[in-house]
Amino acid sequence: AQSVTQLGSHVSVSEGALVLLRCNYSSSVPPYLFWYVQYPNQGLQLLLKYTTGATLVKGINGFEAEFKKSETSFHLTKPSAHMSDAAEYFCAVTGENDYKLSFGAGTTVTVRA
Amino acid sequence: DTAVSQTPKYLVTQMGNDKSIKCEQNLGHDTMYWYKQDSKKFLKIMFSYNNKELIINETVPNRFSPKSPDKAHLNLHINSLELGDSAVYFCASSLGQGPYEQYFGPGTRLTVT
């Protein structure tokens, strides 16, 4: 079984500041990890994913995440926040033969001008 | 062209009624899903279908009945609606299980009064 824990339900950052969203996973098999973003009243859009290979993964809109097996973490970062980054962010995990994503509780990001 | 579409976008109905939500994907994917997002934005898998075959039924009340007439469509019928069914329902699709990205529809906001 797989699960994720997102630390911090709300993160507030200033425009131009670093965005750091934390995700820790639990998995009995090698995990596949995803970050999705949800803008208000919209569906989920994939930011980036880790399957195998390079542990530093780059995604859309300047986001990146690093898979750290020793820490069971997959934290999401963006060097400089933009007002358009205000949204809900979800970390999710699945396994090789799994037909579902297990989501974290989500982190709401607000960006202050 | 919309990849995953859902109808309707909003659904307001009274307790005890029966309603359906339709989902279509034009991505040529074999696997489709229904997720429920509650008022706290927590996302949970309800059903997974692969090649029209039910793979996952995640302890959903049997008032919920999915139907996949073909690989491109996955509908959700809900009988005897209850207040607790109020949520946003997302359809998604992917190439298969495991590392494949899931593409989400825009969601259907169901309100039961």
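Below, read A as the first sequence line, B as the second, and so on, with proteins coming before strands; counting in each chain starts at 1. Quantities reported herein were computed from a predicted structural model and do not represent experimental measurements.
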What part of B:Glu58 gets closer than 4.5 Å to chain A, counting heavy atoms only: side chain, backbone, both or neither? side chain
By a 4.5 Å heavy-atom criterion (distance strictly below it), what part of B:Tyr35 contacts chain A: side chain, backbone, both, or neither? side chain
If we count only N and O atoms by modelled type, under 3.5 Å, do the side chains of A:Ser73 and A:Arg22 hold a donor and an acceptor together? no
Under 4.5 Å from a heavy atom of chain A, the part of B:Ile56 involved: side chain
Is it the backbone or the side chain of A:Phe90 that comes under 4.5 Å from a heavy atom of chain B, or both, or neither? side chain
Ring center gap for A:Phe34 and A:Phe74 short of 6.0 angstrom: no
Which residue out of A:Leu46, A:Leu33, A:Thr94 racks up the most heavy-atom pairs below 4.5 Å with chain B? A:Leu46
Are more than 12 heavy atoms from other residues, nucleotides or ligands located less than 6.0 Å from atom NZ of B:Lys9? yes
Which region of A:Glu88, side chain (C-beta onward) or backbone (N, CA, C, O), has a non-hydrogen atom less than 4.5 Å from a non-hydrogen atom of chain B, or is it both or neither? side chain
Is there a side-chain contact between A:Tyr36 and A:Cys91 in this structure, where contact means two heavy atoms from C-beta onward sitting under 4.5 Å apart? no
Would A:Thr5 and A:Asn24 count as having a side-chain donor-acceptor pair, cut-off 3.5 Å? no
Non-hydrogen atoms of chain B under 4.5 Å away: do they reach the side chain of A:Tyr99, the backbone, both or neither? both
If we ignore angles and hydrogens, is there a donor and acceptor under 3.5 Å between the side chains of B:Thr31 and B:His29? no
Can you tell me which portion of B:Lys44 sits under 4.5 Å from chain A's heavy atoms? Options are side chain, backbone, both or neither. neither
Let me know if A:Phe103 has heavy atoms under 4.5 Å from chain B in its side chain, its backbone, both or neither. both
Contact origin within A:Lys100 toward chain B - heavy atom pairs under 4.5 Å: both
If I measure from the heavy atoms of chain B, does A:Gln45 come under 4.5 Å with its side chain, its backbone, both, or neither? neither
Do the ring planes of B:Tyr89 and B:Phe64 sit parallel (below 30°), tilted (30 to 60°) or perpendicular (above 60°)? tilted
Stepwise, does the side chain to side chain donor-acceptor pair (under 3.5 Å) test hold for B:His73 with B:Asn75? CA-CA 6 Å; B:His73 296 85; B:Asn75 304 323; over 6 Å; no
